[in-house]
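Presented below is the structure to which this report refers.
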Amino acid sequence: VWVVLKQRRMMSREDAIVEEAAMNGIGLKKRHVFPIVLGVVFMILFSMFMVWKKLTWFLLIGANLGLAAHFVYMRRRAKHASGTGEVYVKDAGLEIS
């Protein structure tokens, strides 16, 4: 959580405005993100302790697929935004191929 907050502080003003506009476009506010994540983690832990194997695996795999889909979406959007068609997308100083 602290790493995410630190990177958000390092964002340019334009990027922060674009991100907030995208979140508002789908009806989500910044203050809703943390409780949603906390609720998903709590549900996963609760289902683990209750030994509900199918629900636990469903939530774990669903969270992983959701994060992977978001990562792919962000990479594609960054490639199209650059307009150069480069193979590499620079993200926080790292080159991701």
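The figures that follow rest on heavy atoms only: side chains count, while hydrogens, waters and symmetry mates do not.
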Set of side chain to side chain contact (heavy atoms under 4.5 Å, CB included) partners for Met10, sequence neighbours left out: Lys6

Partner residues of Ile61 under the side chain to side chain contact (heavy atoms under 4.5 Å, CB included) criterion, sequence neighbours left out: Trp57, Leu65

To the closest 0.5 Å, what do you measure between CG (Leu60) and CG (Leu55)? 9.5 Å

Return all side-chain donor-acceptor pairs below 3.5 angstrom for residues 32-50, not counting sequence neighbours, or 'none' if the list is empty.
{"from": "His32", "atom 1": "ND1", "to": "Lys29", "atom 2": "N", "distance (Å)": "3.4"}
{"from": "Ser47", "atom 1": "OG", "to": "Met43", "atom 2": "O", "distance (Å)": "3.1"}
{"from": "Ser47", "atom 1": "OG", "to": "Ile44", "atom 2": "O", "distance (Å)": "2.9"}
{"from": "Ser47", "atom 1": "OG", "to": "Thr56", "atom 2": "OG1", "distance (Å)": "2.9"}

